[in-house]
Number of protein chains: 2
Amino acid sequence: MEPVQIVPAGHPLVCPGDRPTSSTLLIRGLCARFNLLHDGSRSVTQISVAGDFIDLHSLLMTQMDHGIVAVSECAISKVPHDRIIAVTTRHPHLARLLWLDTTIDAAIHRQWLHRMGTQDAVGRLAHLICEIETRLEVVDEAGPDGFEFPLTQIDLADCLGLSAVHVNRTLMTLRRRELVEWRGGRVRILDRARLWALAEFDPVYLRLEAGPV
Amino acid sequence: MEPVQIVPAGHPLVCPGDRPTSSTLLIRGLCARFNLLHDGSRSVTQISVAGDFIDLHSLLMTQMDHGIVAVSECAISKVPHDRIIAVTTRHPHLARLLWLDTTIDAAIHRQWLHRMGTQDAVGRLAHLICEIETRLEVVDEAGPDGFEFPLTQIDLADCLGLSAVHVNRTLMTLRRRELVEWRGGRVRILDRARLWALAEFDPVYLRLEAGPV
DNA sequence: CGACGTGTTGATGGCGGTCAACTATTGTGG
DNA sequence: CCACAATAGTTGACCGCCATCAACACGTCG
């Protein structure tokens with residue numbers, strides 16, 4: 001494994017069209033996976049947290065159809081593809097562990113799809129906050145005093161399929177209802193029970209309890 | 001591998017909460033993967049066509065967070081999980097092939113997410129038609145005279161995150177513009193160039209050209 | 001026949017997009 | 001230190017896409 005690299009916020013980690021020869025393990029920070037349309041519109045399809053293998057896909061896909069950008073300052077470590085191939089060939093259960101990772105990604109995607117299709121703006125934003133907090137708690141980056149979440153409202157708009165203006169109004173709603181505090185890239189959940197209910201959040205899909213394979 | 005089974009249209013193949021001990025290979029027909037919300041609302045997050053391993057996830061996930069239903073009459077064949085584990089342990093490149101399948105699923109999910117977030121109803125419906133036609137062509141189930149696509153407009157609504165009424169109006173628009181013909185569960189594309197342009201469809205993400213691993 | 005599911009069309013209203021103006025914050029150079 | 005620019009956040013006005021409700025047409029099946 002290569003030594004740890006520090007990547008500044010806003011820096012691209014993978015660009016659409018790349019053919020990477022290594023995959024990247026995220027050690028600290030937040031990344032966003034995004035797709036582009038020809039007209040320049042951008043969708044964020046996933047947020048990666050510490051511990052995620054952010055472009056494991058590139059091991060199997062010949063060419064990237066999307067990009068990944070650092071949202072905050074990140075610590076990463078690159079693992080050459082041939083090394084992964086070698087290790088997983090020797091240890092099939094490791095292959096299955098990584099494969100499980102891909103499967104969880106897909107499950108999260110399905111949840112996002114579901115939210116996009118059925119929930120309104122308030123529900124979608126609330127759900128995003130719940131998901132990120134839950135995932136950050138696992139890696140001990142979220143506690144009773146909240147967590148770092150330095151997305152701009154423009155980034156949030158791309159996550160939620162909303163306009164930046166409406167993200168603002170939606171955030172205001174959550175603040176006015178005293179559900180969350182959101183200042184300077186830091187989020188604190190004030191009333192988790194009500195927020196979960198509003199978001200219809202149910203963490204099962206994150207498979208945090210997944211047993212050994 | 002178990003013998004081939006025939007499943008009638010509308011029949012559930014996997015229910016949310018199941019813990020399957022085998023995965024299902026779809027040999028003929030169409031299936032829909034769906035997520036449920038507590039309030040009963042349903043989202044279709046994926047359409048599976050012949051050749052797809054429709055619940056490969058269940059190999060690695062302990063419990064299903066979604067269901068799969070037969071949309072048309074389907075021919076399936078179940079493969080016990082221990083058999084898959086055994087084969088992929090012995091042949092790591094087979095494991096990677098199946099893993100690639102999961103990766104493509106995720107890529108399709110990201111496309112759907114992108115569409116949900118950025119396109120209007122006409123664009124989303126057009127894109128769905130393009131994607132299904134392209135995937136069916138590969139397995140020789142779509143030709144110049146169209147393809148079978150027996151989704152009700154209610155199913156379509158769940159796919160696209162629209163109301164059934166608006167799906168109807170949107171379909172009418174595509175018909176009036178003489179882009180598609182849609183009668184009795186059969187779809188024919190009348191002007192592929194214009195439909196692709198309207199949908200901003202670009203088949204790269206389906207990775208149909210993916211080389212050996 | 002009537003019941004039922006699906007498809008079709010009209011009327012109405014709300015969520016959220018768009019445009020615009022303004023504020024707050026940061027960083028830059030003079 | 002201040003002037004200025006640039007980016008992000010905030011709020012208001014207006015309007016369009018799409019949800020909702022409702023009514024009706026059509027086919028299938030009991």
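In what follows, every chain begins at residue 1, and chains take the letters A, B, ... in the order their sequences are listed.
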**Interatomic distance where CE belongs to A:Met172 and P belongs to D:dT10 [whole Å]** = 4 Å
**Fill in**
From CZ of A:Arg176 across to P of D:dT10 the rounded distance in Å is 11 Å
**Prompt:** Across the strands shown, which category fits B:Ala121 at heavy-atom distances under 4.0 angstrom: base, sugar-phosphate, nothing?
**Reply:** sugar-phosphate
**Message:** Does this structure show an ion pair linking A:Arg177 with A:Asp191, if we count only N-O contacts that are shorter than 4.0 Å?
**Reply:** no
**Asked** Within the side chain of B:Arg115, is there an N or O that forms a donor-acceptor pair under 3.5 Å with the backbone of B:Leu128?
**Response** no
Just the atom pairs and distances: protein N or O near nucleotides 20-26 of chain D's N or O, under 3.5 Å.
{"unit_1": "D:dT20", "atom_1": "O4", "unit_2": "B:Arg169", "atom_2": "NH2", "d": "3.3"}

**Fill in**
In short, the helix from C:dC1-D:dG30 to C:dG30-D:dC1 is bent end to end, axes from five pairs each side, to 10°, by 30°
**Prompt:** Between A:Gln153 and D:dT7, does any side-chain N or O lie under 4.0 Å from OP1 or OP2?
**Reply:** no
**Asked** Atom CG of A:Leu125 to atom P of C:dG16: distance rounded to whole Å?
**Response** 11 Å
**Asked** Heavy atoms under 4.0 Å, any strand shown: does B:Gly161 hit a base, just sugar-phosphate, or nothing?
**Response** sugar-phosphate
**Prompt:** Please give, in whole Å, the distance from D:dC17 P to B:Arg124 CZ?
**Reply:** 13 Å
**Value rounded to 0.5 Å, distance of CE in A:Met172 from NE2 in A:His166** = 13.0 Å
**Request:** Please determine if A:Arg33 and A:Asp55 form a salt bridge, counting it only when a charged side-chain N lies under 4.0 Å from a carboxylate O.
**Result:** no
**d(CG, A:Leu174; P, D:dT10) in whole Å** = 12 Å
**Message:** Check this one for me: any side-chain N or O of A:Arg175 less than 4.0 Å away from OP1 or OP2 of D:dT10?
**Reply:** yes
**Asked** Is A:Glu137 paired with A:Arg192 through a side-chain N to carboxylate O contact shorter than 4.0 Å?
**Response** yes
**Message:** For A:Asp140, is the CG atom crowded, meaning more than 12 foreign heavy atoms sit under 6.0 Å from it?
**Reply:** no
**Message:** Using a heavy-atom cut-off of 4.0 Å across all strands, would you classify B:Leu171 as base, sugar-phosphate, or nothing?
**Reply:** nothing
**Prompt:** In whole angstrom, what separates B:Leu156's CG from D:dA19's C1'?
**Reply:** 17 Å
**Asked** Expressed in angstrom and rounded to an integer, what is the separation of A:Asp120 atom CG from C:dG17 atom C1'?
**Response** 15 Å
**Request:** May I ask you to check whether A:Asp18 and A:Gln63 show a side-chain donor-acceptor distance below 3.5 Å?
**Result:** no
**Complete:** note: B:Ile154, atom CD1; C:dG5, atom C1'; distance rounded to Å ~ 7 Å
**Request:** Indicate yes or no: does B:Asp155 engage B:Arg42 in a salt bridge with an N to O separation below 4.0 Å.
**Result:** yes
**Item:** Any B:Asn168 side-chain N or O less than 4.0 Å from OP1/OP2 of C:dT8
**Value:** yes
**Asked** Side chains of A:Trp99 and B:Thr102: is there a donor and an acceptor less than 3.5 Å apart?
**Response** yes
